Amino acid sequence: MNKSNGDLEKKLWSAADSLRANSNLKSHEYSVPVLGLIFLRFVDGKFSAVEKELKERYKGSRSGDKLTPTHFQAEGVMYLPEEARYSYLLNLPESENIGHALNEAMKLIEKYNKNLEGVLPKTYAKLENDILFTLLKTFSGIPIDEGDVFGKIYEYFLGHFAMTEGQKGGEFFTPTSIVKLIVEIIEPYHGRIFDPACGSGGMFVQSANLIREHKKNPGKEITAYGQEKVDETMRLCKMNLAVHGLEGQIKLGNTFYQDLHNSINKFDFVMANPPFNVKGVDKEKIKDDPRYNLGISNANNANYLWIQIFLSALNENGRAGFVMANSASDAGNQEKEIRKKMIDEGYVDVMVSVSSNFFYTVTLPVTLWFLDKGKVSTDRKNKILFIDARNIYNQIDRAHRDWTSEQIQQIADIVRNYRGEPSSANASAGREGAKPYEDVKGLCKVATIEEVAEQGYSLNAGRYVGVADKEEEEYDYKERLEEYHKDLMDLNKESDELMDRIDKNLTELIK
């Protein structure tokens, strides 16, 4: 992403985030309407470009005087009546009820584009007129002719809303660097992709980005199938796919009990970031579900239900990549038996340990699992690659980490070497040969199934890769102490503010 786009994103985010200071709305109450405005600006830009082309094409004919929805739909573009045009809304007088006008615009878009029926936000009446005018004016500065700028802005906003919403935000957004690594490792270049806990659709979007990097059209190469149990999140996903020019079948339902895509043995790729350690699943309801054919654990968490959902959905050559709680790698009792069956069958391909603070929902480290049904017919059938990436990260701020593009390629290249595929450097240079794989102490190790059995069928990378020789860390003690002191002062200030608010609230209550 170039610097100007990065500056534009920050400017747009600053305008949207002003809602937090200038209204009584919480982040989750204004995030969807704001994303809806970005969506509207995007579809209006597409519509304007095609309208210009059609008017030129039909110049002098009756069609040129009155273009119909059919003309635009034939070009693969959403039709927008006048009252739903961005310019119309932007030029309304300040005395107009902009919230009402935006709600009506969203209804009109859905009326003429049935695939979006019930998807777009219609809660703009909650926002003040002057705030909506400011947002409309600011978002009108988004360039409409710079490739995937809308997709990048939408993704940027999703990530920032997730960060401000904490636990709730993590339910709809998986950090982009995590998704990018999953995509790089399972390589979903062509076929059907399934995410049964799809959130806002980040897995599909990053798959599309990878395909674009290979100079192909993702709309022709992949089909997205998703399932999501939260209606608002499903709508975020559908808007996200539309902004990125992707078609998808996204359905609303609880994946534990409903297999709305008839998923068994159907998909080329599965990618997911399911909620960890879900409790209270009704085991009686799922006892005859063929997706759980490796067994239903008595443990009061659903981690191994998710893992079986992912595995059962793969076709004979399918690959899966998903995020999982660390505890699942070593879980005992019936969960161990399920894991043993998967390992013995040769389905487990790669395990990647990730450091803490990558997610907005949990600060704990997590594990990325990669399954590959196709490897049972290769020389990797009786091997598993373990990567301990806990010491590989980019510190964004005190509480959040991610991976740089170079770090993602560093980890993915270990997998490519293990599979005998060209590394990213060789591929970009047009060289076909693969680099020979080598175990690196403290980083990566290929273990045989016999070695895994000796470790009690644990899939914890740390058991296999060992510990790297630790280098003496060099840092300025005075500088570090000053950082800690600043953090302490900030926390004290937050504590004082919180105590003042509690005191005021108690005073109001006992009046």
Side-chain angles (χ1 to χ4, degrees), residues 5 8-23 25-48 77-78 80-94 96-113 116 118-144 146 148-162 164-165 169 172-173 200-201 232-233 235-245:
N5 278 351
L8 174 63
E9 288 166 349
K10 289 173 184 173
K11 178 184 174 185
L12 297 175
W13 172 254
S14 178
D17 201 39
S18 67
L19 284 168
R20 186 161 47 173
N22 299 315
S23 76
L25 298 178
K26 291 181 170 47
S27 178
H28 72 270
E29 293 178 289
Y30 67 77
S31 56
V32 176
V34 166
L35 290 166
L37 288 179
I38 296 173
F39 171 83
L40 179 61
R41 174 71 176 144
F42 164 76
V43 295
D44 185 79
K46 292 284 188 185
F47 180 89
S48 297
V77 172
M78 296 179 203
L80 299 182
E82 179 61 24
E83 294 82 358
R85 298 297 304 275
Y86 201 92
S87 56
Y88 170 85
L89 295 162
L90 185 63
N91 293 315
L92 285 172
E94 292 192 21
E96 192 79 23
N97 186 333
I98 300 299
H100 175 74
L102 279 166
N103 287 343
E104 292 303 308
M106 296 299 176
K107 290 176 186 176
L108 283 169
I109 295 173
E110 290 184 353
K111 177 182 176 181
Y112 287 97
N113 303 278
L116 289 173
V119 169
L120 302 181
K122 304 171 194 71
T123 56
Y124 292 97
K126 290 182 179 180
L127 306 178
E128 298 291 335
N129 248 27
D130 57 341
I131 292 174
L132 288 172
F133 268 116
T134 299
L135 289 176
L136 280 167
K137 187 174 180 181
T138 304
F139 289 176
S140 69
I142 303 176
I144 59 176
E146 291 190 15
D148 191 35
V149 65
F150 278 94
K152 290 172 181 174
I153 289 168
Y154 195 91
E155 180 183 300
Y156 180 90
F157 270 62
L158 279 173
H160 276 64
F161 279 129
T164 60
E165 293 185 32
F172 65 77
F173 182 78
S200 56
E232 185 177 86
T233 306
R235 289 187 276 120
L236 278 178
C237 180
K238 288 189 173 183
M239 281 197 291
N240 198 9
L241 293 183
V243 165
H244 285 85

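Residue numbers start at 1 and run along the sequence shown. Quick caveat, the model's predicted, so the values are computed rather than measured.
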Rounded to the nearest 0.5 Å, what separates atom OG in Ser87 from atom CG in Leu136? 11.0 Å
Distance col, row Asp44:CG vs Arg85:CZ, nearest 0.5 angstrom, shows 4.5 Å
Within the 4.5 Å heavy-atom criterion, are Lys122 and Pro33 side-chain neighbours or not? no
Within the structure provided, determine whether Tyr88 and Glu83 are in side-chain contact (heavy-atom separation under 4.5 Å). yes
Minimum heavy-atom distance Asn240-Gly201, with the two atoms named: ND2-C, 4.1 Å
Would you say Glu96's side chain and Ala101's backbone share a donor-acceptor pair under 3.5 angstrom? no
Close side-chain approach of Met106 and Tyr124, heavy atoms under 4.5 Å: yes
From Leu241 CG over to Leu116 CG, what is the distance, rounded to the nearest 0.5 angstrom? 10.5 Å
Sidechain N-carboxylate O distance under 4.0 Å for Glu104, Lys107: yes
Closest approach of Lys238 and Val119, non-hydrogen atoms and distance? CD-CG2, 3.5 Å
Please name the pair of heavy atoms, one in Ile98 and one in Pro93, separated by the smallest distance, quoted to 0.1 Å. CD1-O, 4.4 Å
Is there side-chain contact between Thr233 and Cys237, with heavy atoms separated by less than 4.5 Å? no
Please give me the minimum heavy-atom distance between Pro121 and Gly36, naming the atom from each residue. CG-CA, 3.8 Å
Side-chain heavy atoms of Tyr86 within contact of Asn91, under 4.5 Å: no
Spacing of CG belonging to Asn103 relative to CG belonging to Leu108, to within rounding of 0.5 Å: 11.0 Å
State whether Phe139 and Arg41 meet the cation-pi test: NZ (Lys) or CZ (Arg) under 6.0 Å from the six-membered ring centroid, and within 45° of the perpendicular axis. no
Once rounded to the nearest 0.5 Å, what's the spacing between atom CD of Glu110 and atom CG of Leu120? 4.5 Å
Side-chain contact, heavy-atom cut-off 4.5 Å: Met78 with Tyr112? no
Of the non-hydrogen atoms in Leu89 and Ala105, which two are nearest, and what is the gap between them? CD1-CB, 4.0 Å
As a quick check of understanding, evaluate side chain to side chain contact (heavy atoms under 4.5 Å, CB included) for Phe42 and Leu37, giving each step before the final call. CA-CA 9 Å; Phe42 164 76; Leu37 288 179; over 6 Å; no
Of all the heavy-atom pairs spanning Ser140 and Leu90, show the shortest one and how long it is. CB-CD2, 4.0 Å
Are the side chains of Val43 and Asn113 in contact, using a 4.5 Å heavy-atom criterion? no
